[in-house]
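Input: a single structure, listed below in structure tokens.
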Amino acid sequence: MDNAQTHPEVAIPLPKAKKNMVQIGCICLMLSVAMYGLVFATLTGPILESVDAPGYVSLFSIVGAIGVSIMIPIGGKLGDLTGRRNIVVIPGMICALSGIAFAFVRSLWPLMLLRLLVSLAQGAFTSAPYIIVGQIHERKDVPKAMGMLATAVAAGGFGGSIVAAALADLGLLKLAILTPVVPLAAGVVLIGVNLPNQRREDKVPIDVPGIIALTTALCGILLALDFGSTLGWNRAPILAGFGIGIAALAVLLVVERRASEPLIPLELFRNKNYAVLLAVSFICFFYQIAMNVYAPIGALQVMGSNATAAGSLQMPRTIITIFLPAIAGTWVGKKRENTWKAMALGALLIALPMAAMGFTSPHTSIFVYFTALAVTGIAESFRSVSVTPAAQATLKPQDLGVGTALVNFVSSLSQTISAAVCGAAYNMRIAKDPKDIGNIQAGVNTVFWLAAVVSAAGFLLVLFVVRRQMSKTKYK
């Protein structure tokens, strides 16, 4: 790409043994992140019931989502300034200690605080594994290493939910909550012992005004999006949230232009190649709300499938995303042009199955959903080994951390915006009678077609923009 920088093959040279240990540590971190996500998703009901607060499910979930969203870009920048090892070890320890305390506290508001601490700490180090593997491996080996991280996410989510549910059913709720601490602790130790802490030698001021403005903007906009999709968009608190968030975003732009060491370097967005890849990342995650939320609704309420079938829809997809990413990463690393081809597959193989699911009716076979979601697993496998390495290749070394973090942040933001947009589209179709099967059918089909159109736009973006950019440059 024309703005790609000439980087050394390996930013942090390590002996093979240490490199392997750091790679395993990164895998452990992503296992933990995935396990925490699924553990909390699976156990939120039992956890809140244990403190007699079942009505706080939504708030509990929002606290977790916002904490991660806030800290992903902040953690990326702090890692650049203080060293990547520090941004793993310190937040990792905070996350582990908070997670342990969470298992034993039985009071609602302390639990909310601990949930926030876990999510903030997770957000701080979530991007670190993706950055570290880009620093310790040669460029040709980075896609394969990224594939291992994608496999860890899939395995951690799948295994974490099963283990957590099984332990909870046995009455071992505390042990279920503690399970993600094990890979987290292993990852922190492996990286802490084997990775040298490269940091800026000069004393750099932390962009506190930028952090405050970013936090205010995200809280205002994300809370308004979440509550607005369920309570309605015309309520005064929702409108106020948007107003505060947008105003804070404007302040953030002013603050970042003036900062000597900005939290989010605005020049990143003047890099057209990087900006396009951010858009691709956003698009490739948009469909996940349709998959996670509306596919079960279609299976249960339109097709009339049983709960077991609806709950197993993603089983084939999960198996694919456990085994395929490493293979896809090896393929991407062999030839430069395979990178854009992997991105194209990542978008096209979402658009096609989402379009197929857009014809859901009471006569649709449940195997259509199983097959369609399995195909999205292939898409995810190729997406996971192409977009982030390509984005990293466009960045200056000093922007690698925050640039990689922004890719992850955009992916997270995509799902939040998708939840609001898909929710509005679905509610519009069922407004007359939410219990009518015909309305529900129209609602889920609208959501699937929306996801298909967005993903098709991503395919065209890769085909006509990303491919041309890569062919014109010495992109690695």
Side-chain angles (χ1 to χ4, degrees), residues 150 154 276-299 302 313-314 316-318 320-321 324-325 328 331-332 337-361 364-388 390-391 407 410-426 429 441-470:
V276 168
L277 292 170
L278 284 182
V280 172
S281 182
F282 182 95
I283 288 169
C284 286
F285 275 85
F286 188 88
Y287 80 101
Q288 292 203 2
I289 294 298
M291 174 182 69
N292 293 333
V293 177
Y294 295 95
I297 292 175
V302 179
L313 287 176
Q314 293 191 39
R317 168 193 160 88
T318 301
I320 289 171
T321 53
L324 184 57
W331 175 74
V332 168
E337 56 266 30
N338 287 350
T339 300
W340 74 260
K341 291 177 182 178
M343 285 187 228
L345 286 170
L348 182 63
L349 296 183
I350 294 170
L352 294 178
M354 287 293 111
M357 294 171 73
F359 293 100
T360 297
S361 75
T364 301
S365 169
I366 190 68
F367 291 104
V368 171
Y369 273 27
F370 276 108
T371 303
L373 295 184
V375 172
T376 69
I378 301 174
E380 177 63 18
S381 299
F382 282 100
R383 192 278 318 160
S384 66
V385 300
S386 56
V387 177
T388 301
V407 175
V410 163
S411 303
S412 174
L413 186 63
S414 173
Q415 295 177 69
T416 302
I417 293 175
S418 175
V421 173
C422 292
Y426 179 78
R429 301 308 297 265
Q441 176 181 331
V444 296
N445 286 342
T446 299
V447 169
F448 292 139
W449 274 107
L450 178 61
V453 169
V454 171
S455 300
F459 172 72
L460 296 176
L461 185 64
V462 172
L463 194 62
F464 293 108
V465 180
V466 175
R467 179 175 64 89
R468 186 170 66 250
Q469 289 175 341
M470 289 186 174

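All values below come from the heavy atoms of this structure, side chains included, with hydrogens, waters and symmetry mates left out. Since the model is a prediction, treat every value here as computed from it, not as a measurement.
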Excluding sequence neighbours, so at least two apart, what forms side chain to side chain contact (heavy atoms under 4.5 Å, CB included) with [X]?
X      : result
Ala355 : Trp449, Ala452
Leu463 : Trp340, Phe459, Arg467
Val302 : Thr360, Pro362, Ile440, Gln441, Val444

List for me each residue that meets side chain to side chain donor-acceptor pair (under 3.5 Å) alongside Gln415, sequence neighbours excluded, and say none if there are none.
->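 Residues passing side chain to side chain donor-acceptor pair (under 3.5 Å) with Gln415: none at all.
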
Could you check if a side-chain atom of Leu278 sits within less than 4.5 angstrom of a side-chain atom of Val407, using non-hydrogen atoms only?
->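 Contact flag for Leu278/Val407 side chains = yes.
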
Take Val375 and Leu352 through the test side chain to side chain contact (heavy atoms under 4.5 Å, CB included) and record every step on the way to the result.
-> CA-CA 9 Å; Val375 172; Leu352 294 178; 6.0 Å; no

Given side chain to side chain contact (heavy atoms under 4.5 Å, CB included), test Thr446 with Tyr426 step by step and report yes or no.
-> CA-CA 7 Å; Thr446 299; Tyr426 179 78; over 6 Å; no

Could you state the interatomic distance from [atom1] ([X]) to [atom2] ([Y]), rounded to the nearest 0.5 Å?
X      : Y      : atom1 : atom2 : value
Leu450 : Asn445 : CG    : CG    : 12.5 Å
Ser411 : Ile283 : OG    : CD1   : 11.5 Å
Cys284 : Leu349 : SG    : CG    : 10.5 Å
Ile378 : Leu345 : CD1   : CG    : 9.0 Å
Leu413 : Phe282 : CG    : CZ    : 6.0 Å
Ser418 : Phe286 : OG    : CZ    : 4.0 Å

Using the salt bridge (charged side-chain N to carboxylate O under 4.0 Å, His left out) rule, collect all pairs that involve residues 368-386, keeping only residues at least two apart or in two chains.
->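 Listed once each, the pairs are Glu380-Arg383.
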
Can you list every salt bridge (charged side-chain N to carboxylate O under 4.0 Å, His left out) pair that touches residues 337-356, not counting sequence neighbours?
->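 For residues 337-356: Lys335-Glu337.
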
Among Ile350, Leu373, Val447, find the residue that satisfies the side-chain contact (heavy atoms from CB on, under 4.5 Å) test when tested with Met291.
->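 In the set Ile350, Leu373, Val447, the residue that makes a side-chain contact (heavy atoms from CB on, under 4.5 Å) with Met291 is Leu373.
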
In terms of the angle between their ring planes, are Tyr369 and Phe448 parallel, tilted or perpendicular, with boundaries placed at 30° and 60°?
->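 Because their plane-to-plane angle is over 60°, the rings of Tyr369 and Phe448 count as perpendicular.
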
